[in-house]
Asker: 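If you scroll down you'll find the structure; I have some questions about it.
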There are 2 protein chains.
Amino acid sequence: MTQATSHTGAVKAHQPAEPDVGEAPEAPSTRERILNVALDLFTEKGFDGASLREVAERLGVTKAAIYYHFASKDDILMALHMRLHEFGKDALSQMTEGPVTLERWGKLLDEILGQMLAQRKLFLLHERNQAALEKLHREVHDAEHEDIQDKFHRVLADPRVLVRDRVRMAGSFGAVFAALFMSGDAFEGTSNQELGDLVRQTVRDILV
Amino acid sequence: MTQATSHTGAVKAHQPAEPDVGEAPEAPSTRERILNVALDLFTEKGFDGASLREVAERLGVTKAAIYYHFASKDDILMALHMRLHEFGKDALSQMTEGPVTLERWGKLLDEILGQMLAQRKLFLLHERNQAALEKLHREVHDAEHEDIQDKFHRVLADPRVLVRDRVRMAGSFGAVFAALFMSGDAFEGTSNQELGDLVRQTVRDILV
DNA sequence: GTCTATATTTCGATAGAC
DNA sequence: GTCTATCGAAATATAGAC
């Protein structure tokens, strides 16, 4: 086997020789180019609907080349999952203990909104491939690897918080989510700045 | 070929001999039992992740038996899609013309909320199999068969309505959706009545 | 690192007996 | 209406040359 095992994505195993010091926005490595194409394709056609042959073709290489960089198709999905996890871990650590009040939730959501705007594609991938991701999650069960969605559900199920407030917490998240990911291209002509502001105002009206 | 072609579901082709007059809640036909199992399985594991072998096994029959009732796996998905469409067509016809104001949207969403509570499973199936459904939709392109999601997007893209209001329309829908479908079993202990009321109040705060 | 094969598996779908 | 048996296609994954 080759080095095609780590799905961290953050810690590049031992790629060619990318100078760590360079400041130029160096061309993405093949590994990253694979991930970028996979991200698009898995989102467009779904994880199961998109074949590695298609990924390879759109990239101009062969399937075998992909298998040099990744151990399996699942490994590619996992690497993309970890990409999102990188961004989410800050906000995640904040809901680690104590009941989450409406106010805390509001601040949290504000952070998440920013990340969602910046990482739209990754969130969309997750929304549209929940089944595949759950299966993957079941198979590895990464021990202490606490998932974003898990924590989200746990907060919403916390009996120390009024149901009324928890429904509003869920609702405010849904409001953000729908505006960004369930509206097709209805707000394509709206800038991220304006869209973000409008959504934030909506959230405030929910959480008071 | 057998009668396994119609994916209307509403108009049963020519099943055994179910007396149309009977008042007893007669046992579901095999066709419907297949649909029910498929609904569960397609939602749990995704349309692509669930095989017909699994559907057959859980039902206690063989694959071939399924093919007597349905022309293809896609046909089963289409039949489930039509089930939802049946419920949605009333609300659908209401957003057929003229700009949708916040007030109209509020009334519309109120109806939809009721249907969502009653048809939870069907909505969840659609949420988790968007890719497969889009592919199916592309292949048949049922002419005038206007899809729910299409109309939803069109309303949100209507330039005659303020962006601010459209974001709130999208957001209010998302609030409903998240409370019912993205919260895991956080509100499992809450009755549909109470949950519905709490959600309605949240929606009102968004739409003012 | 990328290529040309090819192995392996799984699934959707069909034929034909009962 | 349901069964057994099988076909054909497509996809993941591997072996080994360059």
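Just so it is clear: chains get the letters A, B, ... in the order the sequence lines come, proteins before strands, and each one is counted from 1.
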Asker: Tell me yes or no: between the side chains of A:R128 and B:N129, is some donor less than 3.5 Å from an acceptor?
Answerer: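 No, B:N129 and A:R128 have no side-chain donor paired with an acceptor closer than 3.5 Å.
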Asker: Please tell me whether A:E32 and A:N36 have a donor and an acceptor in their side chains that are separated by less than 3.5 angstrom.
Answerer: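 There is no such pair between these side chains.
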Asker: Would you check if the side chain of A:Q119 reaches a backbone N or O of A:F87 as a donor-acceptor pair within less than 3.5 Å?
Answerer: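 Not confirmed, A:Q119 side chain does not pair with A:F87 backbone.
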Asker: Have a look at A:E54 and tell me which of A:K45, A:K63, A:K73 forms a salt bridge (Lys or Arg N to Asp or Glu O under 4.0 Å) with it.
Answerer: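 For A:E54, the salt bridge (Lys or Arg N to Asp or Glu O under 4.0 Å) check succeeds only for A:K45.
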Asker: Scan the side chains in residues 169-182 of chain B for donor-acceptor partners under 3.5 Å anywhere in the protein, sequence neighbours excluded, and list what turns up.
Answerer:
residue, atom, partner, partner atom, Å
B:S172, OG, B:W105, NE1, 2.9
B:S172, OG, B:R168, O, 3.1
B:S172, OG, B:M169, O, 2.7

Asker: Starting at CD1 of A:I76 and ending at C1' of D:dT12, how long is that distance when rounded to a whole Å?
Answerer: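 The distance from CD1 of A:I76 to C1' of D:dT12 comes to 11 Å, rounded to the nearest Å.
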Asker: Please say whether the positively charged group of B:K135, taken as NZ for Lys or CZ for Arg, lies over the ring of B:F47, i.e. under 6.0 angstrom from the six-membered ring centre and within 45 degrees of the axis.
Answerer: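 So B:K135 doesn't make the cation-pi contact.
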Asker: Calculate the interatomic distance between A:Y68 atom OH and D:dA13 atom C1'; express it in whole Å.
Answerer: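 Rounded to the whole Å, the gap is 17 Å.
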Asker: Rounded to the Å, how far apart are A:F70 CZ and D:dT12 P?
Answerer: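 Atom CZ in A:F70 sits about 15 Å away from atom P in D:dT12.
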Asker: B:E57 CD to D:dC3 C1': how many Å, rounded?
Answerer: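 Nearest whole value for this atom pair: 15 Å.
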Asker: Suppose we screen for ring pair (Phe, Tyr, Trp, His ring centres under 6.0 Å). Which residues come up paired with A:H126, at least two apart in sequence or across chains?
Answerer: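 Listed in chain order: A:H81.
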Asker: Does a nitrogen or oxygen in the side chain of A:T62 sit under 4.0 Å from OP1 or OP2 of C:dG1?
Answerer: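 For C:dG1, OP1/OP2 do not have a side-chain N/O of A:T62 under 4.0 Å.
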Asker: Only counting residues at least two apart or in another chain, list the ones meeting side chain to side chain donor-acceptor pair (under 3.5 Å) with A:R138.
Answerer: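 Side chain to side chain donor-acceptor pair (under 3.5 Å) list for A:R138, sorted by chain: empty.
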Asker: I need the minimum non-hydrogen distance between A:A38 and A:I76, along with the two atoms involved.
Answerer: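 Closest heavy-atom pair between A:A38 and A:I76: CB-CG2, 3.7 Å.
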Asker: Give me, pair by pair, the N or O atoms of the protein and of nucleotides 11-13 of chain C that are less than 3.5 Å apart, along with how far apart they are.
Answerer:
residue, atom, partner, partner atom, Å
C:dG12, OP1, B:K73, NZ, 2.7
C:dG12, OP2, B:L52, N, 3.0
C:dG12, N7, B:K63, NZ, 3.1
C:dA13, OP2, B:Y67, OH, 2.7
C:dA13, OP2, B:K73, N, 2.8
C:dA13, O5', B:Y67, OH, 3.2
C:dA13, N6, B:K63, NZ, 2.9

Asker: Looking only at side-chain N and O atoms, does A:S191 offer a donor or acceptor that is under 3.5 Å from a partner on A:E194?
Answerer: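 Their side chains do not contain a donor-acceptor pair, so the 3.5 Å distance test is not met.
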Asker: Taking atom P of D:dG1 as reference, at what distance in whole Å does atom CD of B:E32 sit?
Answerer: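 The distance from CD of B:E32 to P of D:dG1 comes to 13 Å, rounded to the nearest Å.
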Asker: For A:R166 and A:D158: C-alpha separation, side-chain torsions, deciding distance, then whether salt bridge (charged side-chain N to carboxylate O under 4.0 Å, His left out) applies.
Answerer: CA-CA 8 Å; A:R166 285 186 276 137; A:D158 189 340; over 6 Å; no
Asker: Output a table of nitrogen or oxygen pairs between the protein and nucleotides 15-18 of chain D separated by less than 3.5 Å.
Answerer:
none

Asker: Quantify the bending of the helix from C:dG1-D:dC18 to C:dC18-D:dG1 as the angle between its end axes, each fitted on five pairs, to 10°.
Answerer: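 If I round to tens, the end axes sit 0° apart.
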